[in-house]
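Accompanying notes for the structure given below.
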Amino acid sequence: MTDEHHSTEDELIAQRRDHLQRLRDGGIAYPNDFSPDSLAAELHHQFDNSDKDELLAKQLRVKLAGRMMSRRIMGKASFADLQDRSGRIQLFVKKDELSEQGYDTFKEFDLGDIIAAEGYLFITKTGELSIHVESLRLLTKSLRPLPEKFHGLTDQETRYRQRYLDLLTNEDTRRVFMIRTRVINFIRAFLNQHGFTEVETPMMHPVPGGATARPFKTHHNALDMELFLRIAPELYLKRLLVGGMDRVFEINRSFRNEGLSTRHNPEFTMLEFYQAYANYHHLMDLTETMLRSLVMELFNSTTLSSQGETYELSRPFRRMTVVESILQFNPGVTEAELRELNSARALAEKLKIHVEPKYGLGKVQIEIFEKTVESRLIQPTFITAYPTEVSPLARCNDVDPSVTDRFEFFIGGREIANGFSELNDPDDQAARFHKQADEKAAGDQEAMHYDADYITALEYGMPPAAGEGIGIDRLVMLLTDSPTIRDVILFPHMRLKE
RNA sequence: GGGCCGUUAGCUCAGCCGGUAGAGCAUCUGACUUUUAAUCAGGUGGUCGCGUGUUCGAACCACGCACGGCCCA
């Protein structure tokens, strides 16, 4: 025993290092020769409701490994909780049934140590499935004290900076990331079932494209060329349509060099999928089916609760145009007023919405839409007919070419998806790129570059198609009831500390 | 970029009108062979985010900075 009487962090670590030194002295301190044969949660699932005597009579022997998260020593017997990747199970350790040295060694374990336990299953007199331990080993010493057992780790900053501590101590955090994985697995399986092929396209682009956003820049030394981290995979996926891959999708990171917020992380995960011989109506239908069955798969229900709202996904999702939605949420505004540049501009000013002199009608309408409608689209809603001016990659509507065959999907006041019938007319696309390039020259840093290589691809012929992007992080926020994007990204970006 | 809030023991948090710091858990010592936020008794543990200022005296007041949170653009 040590005769330390201090407990600053350094002293707590020193005590644990003493224990580690004794392990080193005794042989291999970091063994790797133990194979568990059971998981805590599976044992609970299988045996929680067993008959006490029958279970004991079976003498079911199990081997588990995990962290010792808490311990209750009562003289010559003790309980401890072992946490593995599935959950927790209680260990019962009796001095009688371990060698003398074994029990003393157990008492020298520290909370957070990674241990191996072997023994037989039984049910305590309070009715809890536990392991009657016959042999116990320390696999990895934990040198630093874990956060407190009851409250866990609540400090937001530490939860993000040291996510491993958050995962170790907060079950809800583990739940969120398990759901995230299930969401992605489901979507992948769903698209595979619908004949889509998963592909990987470049993360480093010579010309950043596919979205209006500022990119991160990097440099390739051997080629001595400037490259951009992609802001979207769109233009490469559409090149694959030209190449005859009629249904493709990609789930991966995109990067945007913009501010951080509860909805923005500089790197984020997008699903993009493209289907030839389909239009935006088909994709709205597909999206609706996919989201409904996703929620059903996760929660066995079509009702979803998140951030104080309840969403009903069993009914057909609402569909309305940008202009219709503005009219609905701004009583008193007339359609004629919205359809003419000067009156729309005057309306924006009346609503205290900033519009630049260079904005056209479409851009003014979208500003009004974003400020007065978006946050109020609570129940699942598709908004359609986005102005051509703000949709440089979307196909124009046949009847009204001032708008495109495009939709965005909103739920909980947040945009989750954006899709459209693809613009496959190379001349129209070239003209739209020129317009974007002019805006960039005029100082709009988010405007698109002219992508000549992409135009060349379109000139070979891209089949009529529709494509869509879904923000996976925002979708997972919704599905896990998380208020910020940082709660659904394992290692969110933080400023350097010190 | 602007506004508001926060930063105190390893963790979770108190700390009044400015008088030099407290609890619970963890840790240490002792008791305890079915506990489960175990219990009981007794201890240890602090550069109060950093810096400057005001003051006889600052965790507390003022200013600046850092990091975080929320809201707004």
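Numbers restart at 1 for each chain; the letters A, B, ... are given by sequence-line order, proteins then strands.
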Examine A:Arg61 relative to A:Tyr120 and say whether NZ or CZ is less than 6.0 Å from the centre of the six-membered ring and inside a 45° cone about the ring axis.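 So A:Arg61 doesn't make the cation-pi contact.
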Please work out if [X] contacts a base, only the sugar-phosphate, or nothing of the nucleic acid, heavy-atom cut-off 4.0 Å.
{"X": "A:Asp96", "value": "base"}
{"X": "A:Leu146", "value": "nothing"}
{"X": "A:Arg88", "value": "nothing"}
{"X": "A:Arg486", "value": "sugar-phosphate"}
{"X": "A:Thr124", "value": "base"}
{"X": "A:Thr484", "value": "sugar-phosphate"}
{"X": "A:Glu9", "value": "sugar-phosphate"}

Please name the nucleotide paired to B:rU47 by Watson-Crick or G-U wobble geometry with both distances under 3.5 Å, or report none.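 Check on B:rU47: unpaired, no WC or wobble geometry under 3.5 Å.
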Assess whether one donor atom and one acceptor atom, taken from the side chain of A:Gln90 and the base of B:rU35, lie less than 3.5 Å apart.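 Side chain to base: pair found, below 3.5 Å.
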More 5' along RNA chain B: A:Lys76 or A:Arg263, using each one's nearest nucleotide?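 Its nucleotide being nearer the 5' end, the pick is A:Lys76.
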Salt bridge between A:Lys363 and A:Glu367, side-chain N to carboxylate O under 4.0 Å?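 Looking at A:Lys363 and A:Glu367, the cut-off is met.
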Distance between the C1' atoms of B:rA38 and B:rC71, in whole angstroms?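 Roughly 44 Å separates the two C1' atoms.
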